[in-house]
Amino acid sequence: MKPCYNRRTMEDISHILNDLNDAQRQAVSAPLSNLLVLAGAGSGKTRVLVHRIAWLIAAEGLSPFNILAVTFTNKAAREMNERIESMLGLSSNAMWVGTFHGLAHRLLRAHYQEAGLSQNFQILDSDDQYRMIRRLMREHDIDENQWPPKQVQWFINQKKDDGLRAGDIKAFDYFEKNMLKMYALYEEACFQQHLVDFAELLLRTFELMRDNLSVLDHYQKRFRYWLVDEFQDTNRLQYAWLKLLCHSGNKIMVVGDDDQSIYSWRGAQVENIRRFEEDFKPVTHIRLEQNYRSTGTILNAANTLIENNNDRMGKTLWTESSEGEPISIYAAFNDLDEARFIVDKIKQWQHSGRLLREAAVLYRSNAQSRILEEAFLQAGVPYRIHGGLRFYERAEIKDALAYLRLLENTNNDSAFERIINVPVRGIGNRSVATIREIARESGLSLWQAALKIMDESLLPSRAVSAISAFIELIQELQVQIADLKLPDKIKQVLHLSTLLDHYRKERGEKARAKVENLEELSSAAAQFIEELREDVDGDPLTQFLAHTALEAGEGQADKFTDCAQLMTMHSAKGLEFPLVFIAGLEEGLFPHQMSLEDQKGCLEERRLCYVGMTRAMEKLILSYAEVRALYGRETYQAPSRFLHEIPRECVEEIRPRAKVTIPQSRGFHKPKPVSKFKDYDAAGFRPGQLVAHAKFGQGIVLAVEGEGDGARVQVNFKKAGSKWLLQSFAKLETIA
DNA sequence: ACCTGAAATATTTTT
DNA sequence: TATTTCAGGT
């Protein structure tokens with residue numbers, strides 16, 4: 001490693017502290033001790049983290065090699081890496097910066113033997129985990145209606161997040177007894193197949209360190225300084241990790257905000273902040289309270305709202321920026337009206353010369369996105385919905401990955417089962433059931449059981465030959481791809497498995513998209529190879545498979561198109577937008593019905609609202625509907641309590657203009673999604689229409705010009721951006 | 001294997 | 001209401 005950090009001079013040091021406010025400077029230049037930084041929304045948290053790292057290297061003389069920074073999302077890790085790189089000129093290889101899961105994975109790869117894993121262990125994502133649990137339950141004749149697999153999955157993950165193995169838990173009642181039984185079954189199966197789920201990554205690493213003093217000692221010596229982002233989101237296991245590793249002379253800086261704790265429902269322990277003060281004594285406290293993001297009005301409103309929570313550590317954000325515009329509250333007649341209002345405002349915003357991507361619509365639950373989407377579609381305003389199905393979670397991608405996984409480890413039962421008959425090759429349920437049965441009887445993997453069936457002809461000859469064809473295919477593939485580069489491996493697998501042809505033959509837009517996705521998979525692999533860090537060992541395929549499980553694979557293609565952003569308030573955390581809408585501020589929706597019952601849930605909802613509001617930089621617009629269609633019923637809900645908690649002087653109420661026509665009876669006037677319209681105009685397309693192009697993929701029609709052969713269509717493609725196309729030339733297909 | 005109709009079911013999400 | 005999942009028939 002090049003000691004480029006040695007070249008730092010005193011000038012550099014003062015440079016690090018420039019442009020920081022007092023509190024920030026205090027945090028960045030604090031002496032080497034344990035630090036708790038309570039960083040309010042928009043107070044320059046990431047900045048402090050990055051500058052602190054620079055300071056540690058320049059002023060304290062620490063080697064990047066000894067510093068480790070942990071975040072929760074890949075995005076945050078990436079951002080931090082970029083900023084470190086641009087500030088210090090350090091290659092990101094020099095320092096460990098990553099998510100808890102990413103770090104755990106790296107440690108397990110390096111010490112797979114001590115951790116009791118095989119070299120090619122694979123990672124289960126939550127979908128894989130769910131399928132696995134369901135499969136095991138069926139195998140053991142456990143009633144899925146009485147014990148919903150989802151609940152079992154939740155139980156298992158919750159226990160793992162608390163650091164508990166099935167054997168560590170004593171069952172108190174019938175329910176727990178059964179849950180434990182399934183936990184044990186699952187644990188056993190994962191162990192046998194060398195599969196590791198997300199929680200297991202952390203648990204295994206914890207156990208590895210706990211039980212291997214030499215390994216622990218090595219990393220305790222290596223990681224001298226820890227930085228933890230979003231500390232309020234840590235769970236018990238992650239905290240235990242920190243306590244174990246960050247020991248004996250090592251120092252740690254945690255940055256968090258108790259007011260932004262919105263993940264307690266999945267095990268995050270805000271209490272860890274208080275625990276930290278105890279366990280890591282002595283702790284220096286620093287509060288970052290100056291906000292650089294929002295206007296005075298927005299901040300004032302958010303502050304007043306959050307003051308209604310009585311469980312806070314206490315913190316009041318302030319700003320030097322001006323009051324700004326008042327917060328608008330729109331009382332819509334119904335959800336439809338609300339959606340139209342929002343789209344309308346965004347259009348105005350755009351017409352006033354601003355960018356669409358500066359506007360975000362936030363909501364409590366994903367279900368709300370549909371009606372908004374329809375409104376955007378109808379108005380022909382480009383939008384992007386965040387969340388939902390990710391690239392690596394798509395069924396066809398998971399099929400392809402299952403082939404790769406099986407090729408790596410033929411004993412991977414979940415991969416085997418996933419593709420044994422995909423594409424259909426005459427191995428029906430009966431054959432699969434027999435394979436499963438034999439596997440169970442003789443304690444073999446499905447693959448081994450299939451071999452046995454072949455050898456001993458345990459099924460009718462037609463089934464046996466179908467199975468042997470499959471086995472031969474896999475073996476053939478193993479030989480074929482052995483010497484290929486990763487992207488070519490994937491291409492070859494897609495080709496020889498006939499997976500690609502299978503979808504190519506299929507008609508319709510869905511199949512077309514699947515083909516596109518599959519083709520994109522090899523480019524994703526190519527890109528992955530390029531960015532692969534050299535200091536991490538392991539076969540590229542193994543690395544790539546882990547990558548697909550750990551990274552969502554957010555489409556970066558449409559990052560550049562100018563779109564309004566739609567997302568839940570949860571996924572908006574960490575982001576900021578000049579214009580923010582929060583939709584559906586109604587009792588029962590936000591705060592959500594499910595959270596209303598207990599006090600804690602309500603407090604968390606309020607924090608969520610706080611997070612949502614503090615995303616706004618210039619203008620915040622809140623809205624609620626008096627009537628909302630919910631599960632087919634028209635429900636009348638009172639305006640959210642949160643609206644009453646915002647000071648009047650910050651607010652400007654907007655009432656619908658009289659001339660807005662409100663559909664009296666829903667359904668009658670309800671506008672169908674544009675894609676369902678039959679009355680196209682001359683060119684065959686109308687703005688808002690979803691279309692597909694052979695080369696550019698899916699897109700949305702923005703404008704239509706001219707008629708007949710000369711007609712031109714402007715299409716905003718998801719991946720390729722906005723383009724003008726000759727309608728007669730480009731074979732655009734409409735998407736139903 | 002594919003189609004069809006009934007039944008279930010509907011917070012928040014990253015890794 | 002709308003979507004997804006599943007069983008059963010063809």
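In what follows, chains are A, B, ... by sequence order, proteins preceding strands, each numbered from 1.
- Ring geometry for A:Tyr392 versus A:His547: interplanar angle over 60°, hence perpendicular rather than tilted (30 to 60°).
- Atom C1' of nucleotide C:dT3 and atom CD of A:Glu374 are separated by 13 Å, given to the nearest angstrom.
- For the pair A:Asn429 CG and B:dA1 P, the computed distance is 8 Å after rounding to whole Å.
- As the counterpart of B:dT13, no nucleotide is assigned, since no Watson-Crick or G-U wobble pattern has both distances under 3.5 Å.
- In the model, A:Asn272 has no side-chain atom that pairs as donor or acceptor with a side-chain atom of A:Gln232 under 3.5 Å.
- A:Glu645 and A:Arg641 are not joined by a salt bridge, as no carboxylate oxygen comes within less than 4.0 angstrom of a charged side-chain nitrogen.
- At a threshold of 4.0 angstrom between heavy atoms, the contacts of A:Gly601 with the nucleic acid are absent.
- Between the P atom of B:dT14 and the CG atom of A:Leu103 lies a distance of 19 Å, rounded to the nearest Å.
- Nucleotide B:dT14 holds its C1' atom 12 Å from the CG atom of A:Asn157, rounded to whole Å.
- Backbone-only engagement by A:Arg134 is indicated by non-hydrogen atom pairs under 4.0 Å involving sugar-phosphate atoms exclusively.
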**OP:** Using a 4.0 Å cut-off on protein heavy atoms (strictly under), produce a 5'-to-3' string for nucleotides 8-13 of chain B with B for base contact, S for backbone-only sugar-phosphate contact, and - for none.
**Re:** --BBBB

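- C:dA2 and B:dT13: their P atoms are spaced 22 Å apart (whole Å).
- With A:Trp241 as the fixed residue, the ring-ring contact (aromatic ring centres under 6.0 Å, His included) test singles out one of A:Phe206, A:Phe223, A:Phe100: A:Phe100.
- Atom CZ in A:Arg628 sits about 16 Å away from atom C1' in C:dA2, given to the nearest Å.
- Look at CD on A:Gln153: it is 15 Å from P on B:dT14, rounded to the nearest Å.
- Nucleotides C:dC6 and B:dT11, compared at atom C1', are 25 Å apart to the nearest Å.
- Ion pair A:Glu417/A:Arg131 not flagged as a salt bridge, since none of the NZ, NE, NH1 or NH2 atoms sits closer than 4.0 Å to an Asp/Glu carboxylate oxygen.
- The interatomic distance linking A:Arg370 (CZ) with C:dA2 (C1') rounds to 7 Å, in whole Å.
- Classification of the A:Phe376-A:Tyr383 ring pair by plane angle, with boundaries at 30° and 60°, yields tilted.
- A salt bridge between A:Asp258 and A:Arg607 is absent, with no side-chain N of the basic residue lying under 4.0 Å from a carboxylate O of the acidic one.
- At a threshold of 4.0 angstrom between heavy atoms, the contacts of A:Asn74 are confined to the sugar-phosphate backbone, with no base atom among them.
- Atom pair A:Glu551:CD and B:dT15:C1' shows a separation of 10 Å (rounding to whole Å applied).
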